[in-house]
Amino acid sequence: LRDIRSKPMADTVSAIFSDASNDDRLLLYIACHGVASSEDYYLAATDTDLDRIQQTAISVKALLNSASQSRAHSILIILDACDSRQDTVEPFSRLGITSTSSQIAVISSSRAQDQYSASSGRRTFIMQALTDALSRGGADANRDGIVGPQEIYSYLSSRLDVEDSENPGSLGMFITGPDFRVATSP
């Protein structure tokens with residue numbers, strides 16, 4: 001989905017989580033601007049109004065609660081969202097999400113970045129690194145043919161440190177249980 005309003009975005013994400021079966025492994029990648037508040041972190045949509053953030057943006061707390069109720073076997077959520085107010089990663093582990101039947105991992109970026117541009121076809125740095133990690137097997141550090149959230153996180157972190165040192169930032173990660181398979185290496 002590109003250039004979407006907050007309600008259709010929230011409905012689509014909710015449907016992805018609620019329609020999943022216990023055999024499904026979900027990878028949800030969201031690239032957008034992020035906005036931190038004292039009580040939550042929000043993903044901005046095309047209609048987001050900072051004066052009405054709770055009504056016009058996607059609450060990460062609500063997104064994670066929806067994920068925690070999914071029947072999916074495992075869920076990897078990658079938030080490629082800079083914070084337009086402060087250069088910090090919201091401490092997702094403090095949002096009150098506990099272990100559920102699904103294993104959930106979240107990788108998030110705190111770096112200021114250029115978002116994907118449909119007109120130019122440019123990808124964000126995180127999107128390009130994630131594509132390389134999964135399509136070329138770069139994230140399979142131990143070469144066992146299985147790529148998990150920890151390997152993806154390590155791969156993205158190392159790429160961020162080495163290849164994008166002029167645009168500093170950091171990645172954060174939390175996981176509700178043991179590492180799990182996201183993909184097989186090519």
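The structure displayed is predicted, hence computed values, not measured ones. Nothing fancy with the numbering, it's 1 onward along the sequence.
A donor-acceptor contact shorter than 3.5 Å is absent between the side chain of Asp47 and the backbone of Arg5. With Ser18 contributing its side chain and Ser14 its backbone, the two residues share a donor-acceptor pair below 3.5 Å. A donor-acceptor contact shorter than 3.5 Å links the side chain of Ser68 to the backbone of Asn65.
Using a 4.5 Å cut-off on side-chain heavy atoms (C-beta onward), Ser74 and Val182 make no contact. Side-chain contact between Leu27 and Leu134 is present, with heavy atoms from C-beta onward closer than 4.5 Å.
Annotation: the span from Ile53 atom CD1 to Thr56 atom OG1 amounts to 5.0 Å, rounded to 0.5 Å. Between atom OH of residue Tyr41 and atom CG of residue Leu79 there is a gap of 7.5 Å, rounded to the nearest 0.5 Å. The CD atom of Glu151 sits 11.5 Å away from atom CG of Leu156, with the distance rounded to the nearest 0.5 Å. Rounded to the nearest 0.5 Å, atoms OH (Tyr153) and CG (Leu76) are 13.0 Å apart. To the nearest 0.5 angstrom, Gln54 atom CD is 8.0 Å from Asp40 atom CG. Atoms CG and OG1, on Asp144 and Thr184 in that order, are 10.5 Å from each other to the nearest 0.5 Å.
For the pair Ala57 and Ala44, the tightest heavy-atom approach, listed with the atom from each and the gap, is CB-CA, 4.5 Å. Heavy-atom minimum distance, Tyr29 versus Leu130: CD1-CD2, 3.8 Å. Scanning all heavy atoms of the two residues, the minimum distance from Asp80 to Met127 falls at OD2-N, 3.7 Å. Between Leu43 and Ile30, the shortest heavy-atom contact is CD1-CD1, 3.9 Å. The shortest non-hydrogen separation linking Phe17 to Ser70 is O-OG, 2.8 Å. Ile58 and Met9 make their closest contact through CG1-SD, 3.8 Å (heavy atoms, listed as atom of the first residue, atom of the second, distance).
When the side chains of ILVMFWY residues are joined at heavy-atom separations under 4.5 Å, either directly or via intervening members, Leu64 and Leu26 end up in a single hydrophobic cluster.
Sequence neighbours left out, the pairs with a member in residues 124-141 that pass salt bridge (charged side-chain N to carboxylate O under 4.0 Å, His left out) are Asp132-Arg136, Asp132-Arg159.
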